[in-house]
Structures are given as structure tokens and as C-alpha cells.
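Computation of the quantities below employed the complete heavy-atom set of this structure, encompassing side-chain atoms and omitting hydrogens, waters and symmetry-equivalent molecules. These figures come from a predicted structure and were not determined experimentally.
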Amino acid sequence: MRKTAETVPDSEMRRLLGLLPRALQPFASLARFDRPIGWWLLYWPCLWGLFLADGAGEWPLIGWFLAGAVAMRGAGCVYNDIVDRDLDRQVARTRARPLASGAVSVKAAWVWLVLLALVGLVVLLQLSRTAQLVALASLALVAAYPFMKRITWWPQLWLGLVFGWGALVGWFAVAPFSTAILLLYGGAICWIVGYDTVYAIQDIEDDALIGVRSTARRFGDRVQLGVALFYAVAILFWAAAFWSIRPQAVVLLPLVPMAMHLAWQTLSIDRSDASKALILFRSNRFAGFLMALACLVVGATA
């Protein structure tokens with residue numbers, strides 16, 4: 001008997017998933033539609049770049065970025081699971097994923113990937129030429145990401161390059177180059193390394209058994225310190241980005257709520273508590289919102 005998407009342990013929307021026809025449930029799970037935290041984390045940096053460039057009034061772009069985040073996060077998850085299906089079978093948290101469990105065939109997964117990518121293409125066509133080129137430049141990073149955990153202790157850094165890329169796209173959709181966007185992107189990378197290290201705490205034991213590397217394993221007992229350092233550097237990058245736009249002390253005030261939230265996350269880390277790690281990871285949906293507000297304020301008053 002085939003497993004369904006409802007068997008995946010970290011699903012946030014099991015009831016909603018259950019409303020879909022049974023044949024479609026594994027495909028929705030494969031694209032992580034039942035775990036919206038991923039597309040939120042991809043979406044927020046897009047808005048950061050757009051808002052900091054004073055593009056908050058670009059309502060069509062705000063909607064298109066959301067559609068693109070959902071579709072491309074889904075496509076990325078499908079691709080990641082195609083590459084990782086053998087590893088996923090060996091990890092308790094991931095062995096029920098549709099490809100690992102056999103609920104979806106590899107051929108069907110590739111077809112689903114193409115369909116999601118076509119949605120991403122529609123979104124791409126709504127952007128300026130510069131933003132289109134910037135978005136396309138991320139594809140090499142996306143393609144390489146699933147292999148990073150096999151060759152480096154820093155796959156979270158690579159994920160930062162990928163998931164933070166939306167900040168560049170959002171900025172260049174409405175504005176020319178500025179040092180501010182590089183600083184914003186640098187901060188996004190550090191933030192992502194931090195929260196994905198927290199996420200990886202869940203799999204430390206299984207990853208050690210199968211030889212998968214992560215910053216959570218690399219930091220070991222000092223994982224709390226490692227996350228704290230990356231979050232602190234993220235705040236410094238963002239402060240520099242804001243300062244480059246408006247060099248006044250008051251411009252740093254919008255960052256205070258984000259800094260407080262990240263401090264709370266860091267102080268709450270417990271390397272031995274996987275369930276708390278998942279809660280802290282998911283709290284970055286709110287952290288992204290706080291940073292979006294900060295960019296909105298600074299961008300509108302620059």
C-alpha cells in the first residue's frame with residue numbers, strides 16, 4: 001500500500017493536504033505545499049530588496065514574487081528530493097517523503113518539476129530585463145545545492161547564497177546597483193546560515209550515521225555560539241546597508257525588533273531538543289516579516 005503525504009512528520013497542514021484527491025497528495029507534499037515555511041523564507045528576501053529600493057508601491061511585483069516563491073521553492077524541493085532520495089530513506093524525518101517512500105516515481109517527479117518551473121518562467125517574464133538576468137544567474141547555485149552536504153561542512157552557507165538571492169532580484173526589479181543591496185544580501189546569507197543550522201539540529205544523529213555534513217554537526221556543542229555569531233554578523237550587514245542609504249543613527253532603530261527576535265532564538269537553542277529546533281526554525285517566518293518592515297521604513301524615508 002502506498003504511503004501518502006500525511007505520513008510526513010513535519011507537515012504543517014495535514015488537514016488541508018487531506019482535502020486534495022488522494023492521487024495529488026504526494027505531489028503536493030513533494031513540493032512542500034503542506035510546509036509553507038519554506039516559501040515564506042524564500043519570499044521575504046525578495047520583499048526586503050524591493051522595499052529597501054522604495055518599491056513598496058509595486059503591488060503587482062509583490063504578488064508575482066509570492067507566486068514565484070511558492071513555485072520555485074516547490075521546484076527546488078522536488079529537485080532536491082530527486083537527488084537525495086537514497087539519503088532520505090536513511091533519515092527518520094525524511095524517509096516518508098514521496099520519492100523516498102515510493103509514493104511518487106522519479107519520472108513523475110521530473111514532470112512535476114518542469115510544471116513548477118513553467119510557473120516560475122511566467123513570473124520571470126513579469127520582471128525587468130536586469131532582474132531577469134539576475135534571477136537566471138541563480139540557477140547554477142540551485143542546481144549545485146543538493147550536493148553540498150556531501151562535500152562540505154557548510155551546506156548551510158550554500159543555501160544562504162540560494163535563498164538570499166531573492167533580495168537581489170527584488171532590488172534590481174526597481175532600482176540600479178547600489179552597495180546597499182550587496183550588504184543586504186550578505187546579511188541575508190548569514191541569517192539563513194543561522195536558521196538552517198538550527199533546522200539541522202533535528203538530524204544530527206542520523207546525519208552522523210550516513211555521513212551527511214552540516215554546520216550543526218560542525219559546531220558540535222558550540223552550535224549556540226555559532227548561530228549567535230552568524231545572526232550578529234547579519235545584523236551588522238543590515239545596519240551597514242541601512243546606513244549606506246541614510247547615514248543617521250535613527251536609521252538603525254527599525255532593526256531593533258529583528259535583533260531582539262534573533263537574540264531570543266539564540267538563547268532558546270537546545271542541541272538535545274529536536275522539537276524545539278523546529279519551532280525556532282519556523283519562527284523565522286516572523287523574523288522575515290520584522291526585517292521586511294525595517295526595509296519598508298528605511299526605503300520609504302531614504
Side-chain angles (χ1 to χ4, degrees), residues 40-59 61-62 64-66 68-69 127-128 130-131 134-135 137-138 156-157 159-198 226-267 280 283-302:
W40 276 114
L41 294 177
L42 189 61
Y43 181 51
W44 284 128
C46 298
L47 292 194
W48 299 353
L50 184 67
F51 288 173
L52 194 59
D54 195 19
E58 299 288 341
W59 291 104
L61 278 179
I62 291 172
W64 282 117
F65 280 140
L66 178 58
L127 306 179
S128 68
T130 301
V134 171
S138 70
Q156 281 69 29
L157 180 58
L159 183 71
L161 296 174
V162 173
F163 261 56
W165 199 266
L168 301 176
V169 179
W171 176 280
F172 284 108
V174 295
F177 173 79
S178 168
T179 303
I181 184 52
L182 294 184
L183 295 168
L184 184 70
Y185 178 52
I189 293 170
C190 293
W191 173 59
I192 293 163
V193 172
Y195 75 58
D196 202 50
T197 298
V198 174
V227 172
L229 288 174
F230 274 98
Y231 279 168
V233 174
I235 293 296
L236 290 175
F237 266 119
W238 292 331
F242 288 4
W243 188 270
S244 71
I245 289 177
R246 185 181 173 189
Q248 297 176 339
V250 69
V251 81
L252 304 180
L253 290 179
L255 270 178
V256 172
M258 179 61 158
M260 292 177 64
H261 180 86
L262 296 184
W264 165 77
Q265 276 193 49
T266 302
L267 293 172
L280 292 175
S283 75
N284 282 284
R285 176 166 30 205
F286 181 62
F289 170 71
L290 292 176
M291 186 60 188
L293 290 180
C295 291
L296 178 66
V297 170
V298 175
T301 58

(message) Quick check: closest heavy atoms across Met258 and Ala287, and the distance to 0.1 Å?
(response) SD-O, 3.2 Å
(message) As an exercise, state the distance from CG of Leu61 to CG of Leu127, rounded to the nearest 0.5 Å.
(response) 6.5 Å
(message) For the CG atom of Leu255 and the CG atom of Leu293, what is their distance to the nearest 0.5 Å?
(response) 11.5 Å
(message) Does Tyr195 form a side-chain contact (heavy atoms from CB on, under 4.5 Å) with Leu41? I'd like the steps, not just the answer.
(response) CA-CA 10 Å; Tyr195 75 58; Leu41 294 177; 3.6 Å; yes
(message) Nearest 0.5 Å, please: how far is CG in Asp54 from CH2 in Trp171?
(response) 9.5 Å
(message) Show the nearest heavy-atom pair for residues Ile192 and Gln156, with the distance to one decimal.
(response) CG2-O, 4.4 Å
(request) Please name the pair of heavy atoms, one in Ala69 and one in Leu42, separated by the smallest distance, quoted to 0.1 Å. (result) O-CD2, 3.6 Å
(request) Output yes when a side-chain donor or acceptor of Thr266 lies under 3.5 Å from a complementary backbone atom of Val227, and no otherwise. (result) no
(message) If you define the side chain from C-beta out and look only at heavy atoms, does anything of Leu262 sit under 4.5 Å from Ile235?
(response) yes
(message) Nearest 0.5 Å, please: how far is CG in Leu280 from CG in Leu267?
(response) 10.5 Å
(message) Taking Leu290's backbone N and O only, do any of them form a donor-acceptor pair with Trp44's side chain (distance below 3.5 Å, no angle check)?
(response) no
(request) To the nearest 0.5 Å, tell me how far Leu52 CG sits from Leu47 CG. (result) 12.0 Å
(request) Among Phe65, Phe289, Phe242, Trp191, find the one that has a ring pair (Phe, Tyr, Trp, His ring centres under 6.0 Å) with Trp48. (result) Trp191
(request) Taking Trp238 for its side chain and Leu184 for its backbone only, find out whether a donor-acceptor pair lies under 3.5 Å. (result) yes
(message) If you compare all heavy atoms of Leu157 against all heavy atoms of Val193, which two are closest, and at what distance to 0.1 Å?
(response) CA-CG2, 3.6 Å
(message) If you apply the rule side-chain contact (heavy atoms from CB on, under 4.5 Å), what do you find for Phe51 with Val298, and how did you get there?
(response) CA-CA 8 Å; Phe51 288 173; Val298 175; over 6 Å; no
(request) Over 60° means perpendicular and under 30° means parallel, so classify the ring planes of His261 and Phe286, tilted if in between. (result) perpendicular
(message) Please find the pair of heavy atoms, one from Ile181 and one from Ala167, that lie closest to each other, and give the distance.
(response) CD1-O, 3.3 Å
(request) To the nearest 0.5 angstrom, please state how far the CG atom of Leu183 sits from the CZ atom of Phe237. (result) 7.0 Å
(message) Looking at Tyr43 and Ile62, would you say the former's side chain and the latter's main chain have a donor-acceptor pair under 3.5 Å?
(response) yes
(request) Return yes if some donor-acceptor pair links the side-chain N/O of Trp165 with the main-chain N/O of Gly160 below 3.5 Å, else return no. (result) no
(message) If you compare all heavy atoms of Ala241 against all heavy atoms of Ala180, which two are closest, and at what distance to 0.1 Å?
(response) CB-O, 3.6 Å
